[in-house]
Amino acid sequence: ARLRNLVREKHAKANDISNVQDLEEPNMDARLLYQCELAKIRLTDNSSEEEPVFVRNYLNIDDPTARNLRTTISKEDLENTCRPFLERGLGRIDELLERANLTYRDIDLCLPTGGMVNLQKIKDGLIERFVGRVSIVDNGDRIISEGAAWIANDQVELKLSKPIEILVADTSGYGAYQTLDITPLHYERL
């Protein structure tokens, strides 16, 4: 959405339009958002430094130049627009480790996943924190969805990676951990 707003601003400035949203044709907001998503994907896969964004008949005006939205987004535009989210996300890692009483060195492997893992600012932030333990994989942007598709295709029963345990607080077992029996039938109740 922030990238879409940046593109709107660029188009408005280039065509001297004061309120571009008032002139948008119906459903153009969704089309512009989709075009921005495609540009973001191309920018984060490191194939280019700048990507075009084009939406035909974007505005309801007579000027043929301003009617079609045509601009470019650079990697720098993307990083600047997303900077608050990047900083907040990296800060969240710091916060989680602190709350768990862990240091960066306590983490054996950092496997970045998600649509923006190829953005250099994210890579740099993770490499700075987890020196020598960041594994950048080619399909990091889609590794979760690919795994989910394999699970669905193979009809694999979901299992927890480790059991859920609770700390017993009664006098007989104080300080002991009790493993909870979590079977697929119990998932709905959780």
What about [X] and [Y], same hydrophobic cluster or not, with Ile/Leu/Val/Met/Phe/Trp/Tyr joined at side-chain heavy-atom distances under 4.5 Å?
X      : Y      : value
Ile144 : Leu111 : yes
Met28  : Ile61  : yes
Ile107 : Leu90  : yes
Ile136 : Ile122 : yes

Quick one: does [X]'s side chain get under 4.5 Å of [Y]'s, heavy atoms only?
X      : Y      : answer
Glu9   : Lys13  : no
Leu32  : Phe54  : no
Ser135 : Leu109 : yes
Glu25  : Leu59  : no
Gln21  : Asn19  : yes
Val137 : Thr113 : no
Gln35  : Val53  : yes

Side-chain ([X]) to main-chain ([Y]) donor-acceptor, under 3.5 angstrom:
X      : Y      : answer
His11  : Ala66  : yes
Asp106 : Leu102 : no
Arg4   : Cys36  : no
Asp63  : Thr65  : yes
Arg99  : Leu97  : no
Asn68  : Asn57  : yes
Arg129 : Asp94  : no

Given Pro112, which of Val134, Ile127, Leu119 fulfils the side-chain contact (heavy atoms from CB on, under 4.5 Å) condition?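 Result: among Val134, Ile127, Leu119, Val134 is the only option passing the side-chain contact (heavy atoms from CB on, under 4.5 Å) with Pro112.
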Knowing that exactly one of Val20, Asp29, Leu23 qualifies, which makes a side-chain contact (heavy atoms from CB on, under 4.5 Å) with Tyr58?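 When side-chain contact (heavy atoms from CB on, under 4.5 Å) is applied between Tyr58 and each of Val20, Asp29, Leu23, only Val20 qualifies.
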Please indicate whether [X] has more than 12 foreign heavy atoms, meaning atoms of other residues, nucleotides or ligands, lying under 6.0 Å from its [atom1].
X     : atom1 : answer
Asp62 : CG    : no
Glu98 : CD    : no
Glu50 : CD    : yes
Asp16 : CG    : no
Arg83 : CZ    : yes

Is Lys75 salt-bridged to Glu79, going by a charged N under 4.0 Å from an acidic O?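 Judged by the 4.0 Å cut-off on N to carboxylate O distance, Lys75 and Glu79 do not form a salt bridge.
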Any Lys/Arg nitrogen of Lys40 or Glu51 sitting under 4.0 Å from an Asp/Glu carboxylate oxygen of the other?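 Salt bridge flag = no for Glu51 with Lys40.
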Side chain to side chain contact (heavy atoms under 4.5 Å, CB included), that's the test. Do Arg8 and Glu24 meet it? Break it down for me. CA-CA 10 Å; Arg8 278 180 176 149; Glu24 279 183 349; 2.8 Å; yes
Rounded to the nearest 0.5 Å, how far apart are CD of Glu128 and OH of Tyr104?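 Glu128 atom CD to Tyr104 atom OH measures 8.0 Å (nearest 0.5 Å).
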Nearest 0.5 Å please: distance from the CD atom of Gln120 over to the CG atom of Leu78.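 The distance works out to 12.5 Å.
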Side chains of Asn5 and Arg2: is there a donor and an acceptor less than 3.5 Å apart?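 Short answer, no.
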How close do Ala39 and Pro52 get, counting heavy atoms only, and between which atoms?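 Taking every non-hydrogen atom into account, CB-O, 4.4 Å.
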Tell me every residue that passes salt bridge (Lys or Arg N to Asp or Glu O under 4.0 Å) with Lys10, counting only those two or more places apart in sequence or in another chain.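 Partners of Lys10 under the salt bridge (Lys or Arg N to Asp or Glu O under 4.0 Å) test: Asp77.
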